[in-house]
Amino acid sequence: GLRASNSAQDHTLATLLAQDIAGRIHANPGSGYNGINLDGASSVTPVTCGAGSECDSSTLRGYDEYQWKQAIDRPLLANLQLKIEHFGTDPDDFYTVTLNWGNADNQQSLIASFAP
């Protein structure tokens, strides 16, 4: 029962992260989110957007990527890997977000597709 409860909690956290990704892409369309691959070994340059800093579309994309890397570095989901793919030529064509996490004996994943 405890294992099932932990798995359900992990899937909830992954779903919330996928929703965050979809929301950020929707808010910043056409900003080249395709090909983002992050895991614990990834290096992402810190980017700030907000008070006192200019935040154009490209900077916002970098900020979003940095925020997602922070989610990976806070080990809410063990060994989290995040991949974003864009299919089509138009910014409104659909995206697929793949999240993988867990240990060798308990790999889990969530795949979400959406159109911004």
inquiry  = Can you list everything that forms a side-chain contact (heavy atoms from CB on, under 4.5 Å) with N28? Sequence neighbours excluded, please.
reply    = S31, Y33, S57, L60, R61
task = Under the side-chain hydrogen bond (donor to acceptor under 3.5 Å, both in side chains) rule, collect the residues that match up with H26, sequence neighbours excluded.
result = none
inquiry  = Is there a continuous path of hydrophobic side-chain contacts, each under 4.5 Å between heavy atoms, that joins I72 to V47?
reply    = no
task = Would you check, one step at a time, whether the test side-chain contact (heavy atoms from CB on, under 4.5 Å) holds for I25 with I84?
result = CA-CA 10 Å; I25 291 172; I84 300 174; 4.1 Å; yes
inquiry  = Under the rule for side-chain contact (heavy atoms from CB on, under 4.5 Å), what residues qualify as partners of N34, not counting sequence neighbours?
reply    = E85, H86
query = When hydrophobic residues are tied together by side-chain contacts of less than 4.5 Å, even through go-betweens, does V44 share a cluster with Y63?
reply = no
query = Got a sec, which residues hit side-chain hydrogen bond (donor to acceptor under 3.5 Å, both in side chains) with T96, two or more places apart in sequence or on another chain?
reply = S113
key: Partners meeting side-chain hydrogen bond (donor to acceptor under 3.5 Å, both in side chains) with N106 (sequence neighbours left out)   = none
query = Mind checking whether F114 and L99 sit in one hydrophobic cluster, side chains of I, L, V, M, F, W, Y counted as touching below 4.5 Å?
reply = yes
query = Where the side chain of N79 meets the backbone of G102, is there a donor-acceptor pair that is under 3.5 Å apart?
reply = yes
ask   = Going by the disulfide bond (SG atoms under 2.5 Å apart) test, which pairs reach into residues 6-49, not counting sequence neighbours?
value = C49-C55
message = Give me each pair satisfying side-chain hydrogen bond (donor to acceptor under 3.5 Å, both in side chains) with a member in residues 41-50, each pair once, sequence neighbours excluded.
response = D39-S42
Residues which pass ring-ring contact (aromatic ring centres under 6.0 Å, His included) with F87, listed by chain and number, not counting sequence neighbours = F94
Residues 9-23 side chain polar contacts: donor-acceptor under 3.5 Å, at least two apart:
| unit_1 | atom_1 | unit_2 | atom_2 | d |
| --- | --- | --- | --- | --- |
| H11 | NE2 | Q108 | OE1 | 2.8 |
| T12 | OG1 | A8 | O | 3.0 |
| T15 | OG1 | H11 | O | 2.8 |
| D20 | OD1 | R24 | NE | 3.1 |
| D20 | OD2 | R24 | NE | 3.0 |
| D20 | OD2 | W68 | NE1 | 2.9 |

query = Can you list the residues that meet the side-chain contact (heavy atoms from CB on, under 4.5 Å) rule with D105, with sequence neighbours excluded?
reply = N103
request  = Tell me, please, which residues at least two apart from D73 pass side-chain contact (heavy atoms from CB on, under 4.5 Å).
outcome  = K69, Q70
query = What pairs of residues pass the disulfide bond (SG atoms under 2.5 Å apart) test when at least one of them lies in residues 2-42, not counting sequence neighbours?
reply = none
